[in-house]
Amino acid sequence: MSDTTVRVRFAPSPTGYLHVGGARTALYNYLFAKRHGGKFILRIEDTDEARSTEESMRMQIADLKWLGLTWDEGPDPETLIEVGPYGPYRQSQRQSIYKEHADRLLATGQAYYCFMTDAEIEVQRQQSMKDGRPPQVNSPYRDWPIEKAQERLATGEKAAIRYKVVEKKDYVLQDLVRGDVTFPSDMVGDFVMLRSSGMPVYNFCCAIDDALMKITHVFRAEEHLSNTLRQMMLYEAFNYELPKFGHLSIILGSDRQKLSKRHGATSCHEYNLNGYLPEALNNFIALLGWSSPNAQEIISMDEMIAQFSPDRLNASPAVFDETKLAWVNATHLRALPDEELWRRIEPYLKEAGFKMPTDPAWRSRALDTFKTSMNNLKDSVELFRYVSEDAMPIGDDAKEILGWPTTKTVVEAWKKGVEASGTEFMTEEQFLKLQDSIKDSAGVKGKNLFQPIRVAIIGKPQGTELKMLVPLLHKHTLIARADEVLRKLL
RNA sequence: GUCCCCUUCGUCUAGAGGCCUAGGACAACUCCCUUUCACGGAGUAGACACGAGUUCGAAUCUCGUAGGGGACGCCA
């Protein structure tokens, strides 16, 4: 197969935000397409009328956009107007296509109308379970002549259309990540293709769309592995060419159960809100089931594209390790150029309402000071609070220091020294000199000297180096904060 | 219940019969740097689920057992 013919797709159902598992599936498909100069298609699987919403579709599109996983065909990320030669790309708008396909199988007797009710199906399921058989339906309508079914339909009654599984044989799937997987055809019963509402069911529309959209490779989650049998039957029935499949392992939570809401943040949207970088999230999830051939842990999108290959995909499930994600994120964050990092933390700072200098040199210096203590963009809020003009809350952990006998002397000397400084902002040298003179005048050294000064600046005994911090603070702010501490001491 | 898939340090993984006294990364721990916190640097500890077989030789191949996961829907 020539590279330019590679066509892959990501086909989410629009129910809620994009899940990290879905993001990984999308990423692998995207990487594979880019690696081979192929096309990446976004198809919306909105056939579940009860759960699918337009709003969810917008949210998922926004998440995909945030991750930088852009598609060549599908709804336009801004206008939602569909682009590409194989549309529509929303399954809810392809019903005539599905109906036409169902009619074809109806005509050849490979499918039939089924009038069973939910209650009847449930009774059969229970009975099958009890008998130790797979809970498959055995429709009494499977051998009805089509004319008889049509008469009943004419009365206004609704029917689902089921595929008729007749031949007993083994289907062998050559899976890109699992090797040969054999499915006996009796693993499934006659399955529904079209609901009585006329809406298609996943296995039906998925197979038809993949075929019609000329999809060549399908990377999807493991939970679809056994679905593939039904889809293989359909491909056979329509005489369509089967794409290559690669079934990805699922992502687990720390308790080794399938990752879900109760494990904490599972949507890309939440990671976005919590200050994670899209490049870091991509990096981290890519490594959950795939490895770089040269063992790279920190890897850019371009490098992943250059290195991606399905034979490095891992079939065993992976636990989502929040701690490693934090490290990956911190590493990407610290590697960002100053202007870029500032651009990204700005919304968080703005939201916190801080008043700060706008001088680029000041910003750059502040970033240098704080970025080694930031794991994510949101962390900037607590850090920049120190250098904003806002009043500094004095923490409980400062109490002990406030109780030391020499603290008052040190803080008073500190305040006096700041007042005496000629410039609006002290330099590192000025600060160091002042610190030295306090040591002499107050006659204290070591932590008895440093801790009270620190408390007078940030309200707590631990944190960023003072010689870095002080030059970032305006004289007035420094004095106001010293006063605050002094008041507490009285 | 039936069928399918999976099983290397706590976690992500490398490993395609001899290169493995099993390598890397995160986390942990120790030390160094440092007034504190972080960053950074140097180290330490830590795994082939179990049992048979094939082979001169098995983490790698086969079978079985156990554990985990998935599917069995007019959900996707």
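A quick note: this is a predicted structure, and the numbers were derived from the prediction, not measured. Just so we're on the same page: letters track the sequence lines, and every chain starts at 1.
Between the side chain of A:Q257 and the base of B:G68, no donor-acceptor pair of N or O atoms lies under 3.5 Å. Side-chain atoms of A:T464 stay outside donor-acceptor range of the base of B:C37, with no qualifying N/O pair under 3.5 Å.
Distance check on atom C1': B:U8 versus B:G46 gives 12 Å, rounded to whole Å. Distance check on atom C1': B:U30 versus B:A71 gives 49 Å, rounded to whole Å. Separating the C1' atom of B:A28 from that of B:U34 is a span of 22 Å, rounded to the nearest Å. Only the P atoms considered, B:G18 is 24 Å distant from B:A25, to the nearest whole Å. The same atom, C1', is picked in B:A49 and in B:G10; the two are 16 Å apart, to the nearest Å. If you take atom C1' in B:A14 and the same atom in B:G51, they sit 27 Å apart, rounded to whole Å. Nucleotides B:U11 and B:A27 are separated by 16 Å at their P atoms, to the nearest Å. Nucleotides B:G15 and B:G24 place their C1' atoms 12 Å apart, quoted to the nearest Å.
A:Y171 carries A:K169 over the face of its six-membered ring, with the cationic atom under 6.0 Å from the centre and within 45° of the normal. In this structure, A:R152 is positioned above the aromatic face of A:F115, its NZ or CZ under 6.0 Å from the six-membered ring centre and within 45° of the axis. In this structure, A:R230 is positioned above the aromatic face of A:F191, its NZ or CZ under 6.0 Å from the six-membered ring centre and within 45° of the axis.
Using a 4.0 Å heavy-atom criterion, one finds that A:S13 contacts the sugar-phosphate atoms exclusively. Using a 4.0 Å heavy-atom cutoff across all strands shown, A:T372 reaches at least one base atom of the nucleic acid. Across all strands, A:A160 comes closer than 4.0 Å to base atoms (heavy-atom distances). Residue contacts shown for A:P317 are limited to sugar-phosphate atoms, with no base heavy atom under 4.0 Å away. At a threshold of 4.0 angstrom between heavy atoms, the contacts of A:M116 include nucleobase atoms, whether or not backbone atoms are also involved. When heavy atoms are screened at a 4.0 angstrom cut-off, A:T47 is found touching the sugar-phosphate backbone but no base atom. Within the 4.0 angstrom heavy-atom criterion, only backbone atoms of the sugar-phosphate kind lie near A:R125; the bases stay farther away. Within the nucleic acid shown, A:G463 comes within 4.0 Å of at least one base atom, counting heavy atoms only. When heavy atoms are screened at a 4.0 angstrom cut-off, A:K445 is found touching no nucleic acid atom at all. Here A:G189 lies out of heavy-atom contact (under 4.0 Å) with every strand. Looking at heavy-atom distances under 4.0 Å, A:E45 makes contact with sugar-phosphate atoms alone, never a base. Nucleic acid contact for A:T182: sugar-phosphate only, since backbone atoms but no base atoms lie under 4.0 Å from a heavy atom of the residue.
Shown for residues 220-234 of chain A: residues whose heavy atoms fall under 4.0 angstrom of RNA chain B, namely A:E222, A:E223, A:H224, A:L225, A:S226, A:N227, A:R230.
Comparing atom distances between the A:R454 side chain and each of B:U35, B:C6, B:U13 picks out B:U35 as nearest. Closest to the A:T323 side chain, of the nucleotides B:A27, B:C6, B:U13, is B:A27. If you check B:C72, B:G70, B:G24 against the side chain of A:K258, the one that comes closest is B:G70. Of the listed nucleotides (B:U13, B:U11, B:C39), B:C39 has the atom at the smallest distance from the side chain of A:R334.
Between A:R162 and B:C74, a side-chain N or O to OP1/OP2 separation shorter than 4.0 Å is present. Remark: A:N294 is not in phosphate contact with B:A14, judged by side-chain N or O atoms under 4.0 Å from OP1 or OP2. One finds a side-chain N or O of A:R312 lying less than 4.0 angstrom from the OP1 or OP2 phosphate oxygen of B:G15.
Going from atom CH2 of A:W327 over to atom P of B:A25 covers 9 Å, rounded to whole Å. Taking atom CZ of A:F320 as the reference point, atom P of B:A27 lies 16 Å away to the nearest angstrom. Between A:F204 atom CZ and B:G73 atom P there is a gap of 18 Å when expressed in whole angstrom units. Across the protein-nucleic acid pair, A:D368 atom CG and B:G40 atom P stand 15 Å apart, rounded to whole Å.
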Given the rule in the ring pair (Phe, Tyr, Trp, His ring centres under 6.0 Å) test, do A:Y113 and A:Y141 qualify, once you have shown the distances and angles that lead to the verdict?
CA-CA 7 Å; A:Y113 289 106; A:Y141 307 98; over 10 Å; no
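Checking B:A71 for Watson-Crick or G-U wobble geometry (two distances, each under 3.5 Å) identifies B:U2 as its partner. Figure legend. B:G18 is base-paired to B:C56; pairs are counted as Watson-Crick or G-U wobble with both atom distances under 3.5 Å. The nucleotide B:U35 finds no pairing partner, because no Watson-Crick or G-U wobble arrangement with both distances shorter than 3.5 Å includes it.
Aromatic ring centres of A:F40 and A:Y30 lie closer together than 6.0 Å. Ring centers of A:F284 and A:F320: under 6.0 Å apart, within the cut-off. Aromatic pair A:F370/A:F384: centroids less than 6.0 angstrom apart.
A side chain to side chain contact (heavy atoms under 4.5 Å, CB included) with A:Y89 is found for exactly one of A:M213, A:R9, A:R94, namely A:M213.
Atom CD of A:E120 has more than 12 neighbouring heavy atoms from other residues, nucleotides or ligands inside a 6.0 Å radius.
Classification of A:E428 and A:R365 as a salt-bridged pair holds, one side-chain N sitting under 4.0 Å from a carboxylate O.
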